[in-house]
*Asks:* 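Before anything else, here's the structure in question.
Everything numeric in this text was worked out from a predicted model, so none of it was measured.
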Amino acid sequence: MRKWSLALALAATAVPAATFAQAAKPAAEKLHVDTRYFTLANGLKVVLAKDSIAPTVTVGVYYGIGFRVEPKDRTGFAHLFEHLMFQGSKHAPKGVFDTTITNSGGINNGSTRFDFTNYFEVVPSSALDRMLWLEADRMANPVIDDVVLKNQQGVVGNEIKVNVLNQPYSTWPWIDLPMLANTNWYNSHNFYGDLAEVEAATVPDAKSFSEAFYRPSNAVLIVAGDLDYDATRATIERYFGPIAKKPAVAQPDISEPRQTAEKFKSRVDALAPKPGYAAGYHVPDRGTPEWYAMGLIDQILVQGDDSRLYRKLVQETGIAGEVGGGINADLGSMFNYRGPMLWSFSFTHDPTHTTEQITRAVDEVIEDLRSKPVSAAELERARTKMRSDLYGTIDSGGRVGLIDLLAVYALFDDDPGAVNRIEDGFAKVTPALIHKTAQEYLRKTNRSIYVVEPGAQPKGGK
């Protein structure tokens, strides 16, 4: 993923924290984000969301290709291609895109996630026309040649060496845990990329990848902010409409079988100063009642200082100094993925605590939730925390969190208006549904534990 520009810190303050007034209303009043949604003849989905709190717009293009669906024997290719898309297009040579944005005082970035690759810009509303033209040209005519490919292979290879291989904990737990827990190659391969496979990619590989996945029918365009609905739609149709129509992308089977035995793995990390403990559990299908319940279970167990695992592992036992986790915790949120996913938590700890001791402490917390109904007060507190997180996402600087939610609900569900119904799903969760969900999804046999042992320390217990 690209580095944020220095302007990001400034841009994050360009939009007030209360981006949407409705987010500050009493809890009894439902969230409502006003949108316009349509699809061009070539299959491109478009979401527009208007507000007038600042003279800026956020433009995002999300493509339905992420780590999971990259070609076999080309691990890391989805990430590599993300970089290639910043190397210029037919009518906007390398540097024009970035210069146009920085000269207007804006920011831009991109990232590769499990199920999408996204690109976004935050610019003054006066620059919207130019941004739409640039994104359309990048979609239709990216520059893919030997010079560009070799250059970005070097950049990505350096990222792998510097940001992954030579860092303490490296791929733990964000890559290690999915690779352990999943059995389907699409979910369990090293999606950051094997260096040898990244370096082996050819220009025909890159062009084939572009043809296969970077097409209007596999993308959604989002524009949010200070805009005119009719004028913006007309501009989008003018720039994106002429791009050739291609069939929708055929998705491979990325399903996972029900896990029936606990998994465990450990490795020595010579750079890690302390041991690390991570655990992951497969979660219910996205959008189901049990999935909403799992989101509240996450709040109860691991989110915040009042969470049960925090109280047990930090406050009561002193095993850890902090605990982090969630659904899709390391590469997004519980909303922005499609397919199998883990609820996980991880922490580092002193070597005086063995893996067995830690697992017993974890089991006390997990089994208590599985065996006893949650109180109405605790469930309502979890809903309040979830609502706060949701509004915080929507109110994030530059509207980046807002466009992310709108994009994934359009891309995965053909329904960006579902953003306004997220709270309804959590409101329907009962203590009985929490109990049912915990019984099935917090089973030990649905769990994978990955432990890191510091190379400078004697191995602890397993």
Side-chain angles (χ1 to χ4, degrees), residues 1-15 54-63 65 77-113 116-159 162-163 198 203 206 209-210 213-214 219-227 232 235-236 239-240 243 396-401 403-404 407:
M1 300 173 200
R2 300 180 86 225
K3 297 287 187 182
W4 290 92
S5 70
L6 182 62
L8 177 60
L10 298 176
T13 62
V15 180
T56 61
V57 287
T58 304
V59 178
V61 181
Y62 281 57
Y63 293 91
I65 170 62
F77 206 95
H79 178 214
L80 172 63
F81 201 85
E82 173 212 324
H83 281 255
L84 293 180
M85 287 289 280
F86 285 95
Q87 299 308 298
S89 56
K90 182 178 180 180
H91 303 104
K94 183 178 179 179
V96 171
F97 200 107
D98 286 340
T99 300
T100 301
I101 293 166
T102 55
N103 285 350
S104 69
I107 62 164
N108 72 311
N109 207 350
S111 67
T112 312
R113 305 301 176 97
F116 63 82
T117 302
N118 71 320
Y119 307 87
F120 70 87
E121 303 84 43
V122 184
V123 295
S125 49
S126 58
L128 176 58
D129 186 281
R130 182 69 168 170
M131 282 300 96
L132 293 174
W133 180 85
L134 285 167
E135 282 290 12
D137 198 51
R138 177 157 70 170
M139 179 181 289
N141 307 295
V143 172
I144 304 173
D145 57 29
D146 193 57
V147 173
V148 164
L149 179 59
K150 286 182 178 178
N151 176 270
Q152 291 309 301
Q153 283 172 316
V155 171
V156 173
N158 190 58
E159 277 192 19
V162 175
N163 297 345
V198 170
V203 170
F209 189 89
S210 178
F213 299 109
Y214 277 70
V220 57
L221 167 68
I222 316 93
V223 184
D226 179 29
L227 58 88
T232 303
T235 301
I236 290 169
Y239 293 146
F240 287 87
I243 301 175
S396 61
R399 307 180 186 88
V400 174
I403 70 161
D404 190 69

*Asks:* Within a strict 4.5 Å, meaning less than it, do heavy atoms of the Asp226 and Pro55 side chains meet?
*Replies:* yes
*Asks:* Is a donor from one side chain sitting under 3.5 angstrom from an acceptor on the other, for Ser104 and Arg130?
*Replies:*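 Side-chain D/A pair, Ser104 to Arg130: absent.
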*Asks:* Any side-chain donor-acceptor pair under 3.5 Å between Ser89 and Asn141?
*Replies:* no
*Asks:* Are Gln153 and His83 close enough that a side-chain donor and a side-chain acceptor fall under 3.5 Å?
*Replies:*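 Short answer, no.
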*Asks:* Step by step, would you call Leu128 with Val59 a side-chain contact (heavy atoms from CB on, under 4.5 Å)?
*Replies:* CA-CA 8 Å; Leu128 176 58; Val59 178; 3.6 Å; yes
*Asks:* Verify whether the ring centers belonging to Phe120 and Tyr62 lie closer than 6.0 Å.
*Replies:* no
*Asks:* Using a strict 4.0 Å threshold on nitrogen-to-oxygen distance, state whether Glu121 and Arg138 make a salt bridge.
*Replies:*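 Result for this pair is yes, salt bridge flagged.
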*Asks:* Aromatic ring centroids of Phe209 and Phe77 under 6.0 Å?
*Replies:* yes
*Asks:* Show, in sequence, the C-alpha distance, side-chain angles and deciding distance for Thr117 and Glu82, and conclude whether the side-chain contact (heavy atoms from CB on, under 4.5 Å) test is met.
*Replies:* CA-CA 7 Å; Thr117 302; Glu82 173 212 324; 3.9 Å; yes
*Asks:* Hey, are the side chains of Ile144 and Phe81 touching, using non-hydrogen atoms and a 4.5 Å cut-off?
*Replies:* yes
*Asks:* Find out whether Val143 and Lys90 are in side-chain contact, i.e. whether some heavy atom of one side chain is under 4.5 Å from a heavy atom of the other.
*Replies:* no
*Asks:* Under a 3.5 Å threshold, yes or no: a donor from one side chain and an acceptor from the other, between Tyr239 and Asp137?
*Replies:*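 Per modelled atom types, Tyr239 and Asp137 side chains form no pair under 3.5 Å.
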*Asks:* Any side-chain heavy atom of Leu84 within less than 4.5 Å of one from Val148?
*Replies:* yes
*Asks:* Just so I know, are the side chains of Asn108 and Val123 near enough to count as touching, which here means a heavy-atom distance under 4.5 Å?
*Replies:*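 Side chain of Asn108 against side chain of Val123, heavy atoms only: no contact under 4.5 Å found.
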*Asks:* Taking the six-membered ring for Trp and the single ring otherwise, decide whether the centroids of Phe86 and Tyr119 are under 6.0 Å apart.
*Replies:*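 Yes, they do, as the ring centres are separated by less than 6.0 Å.
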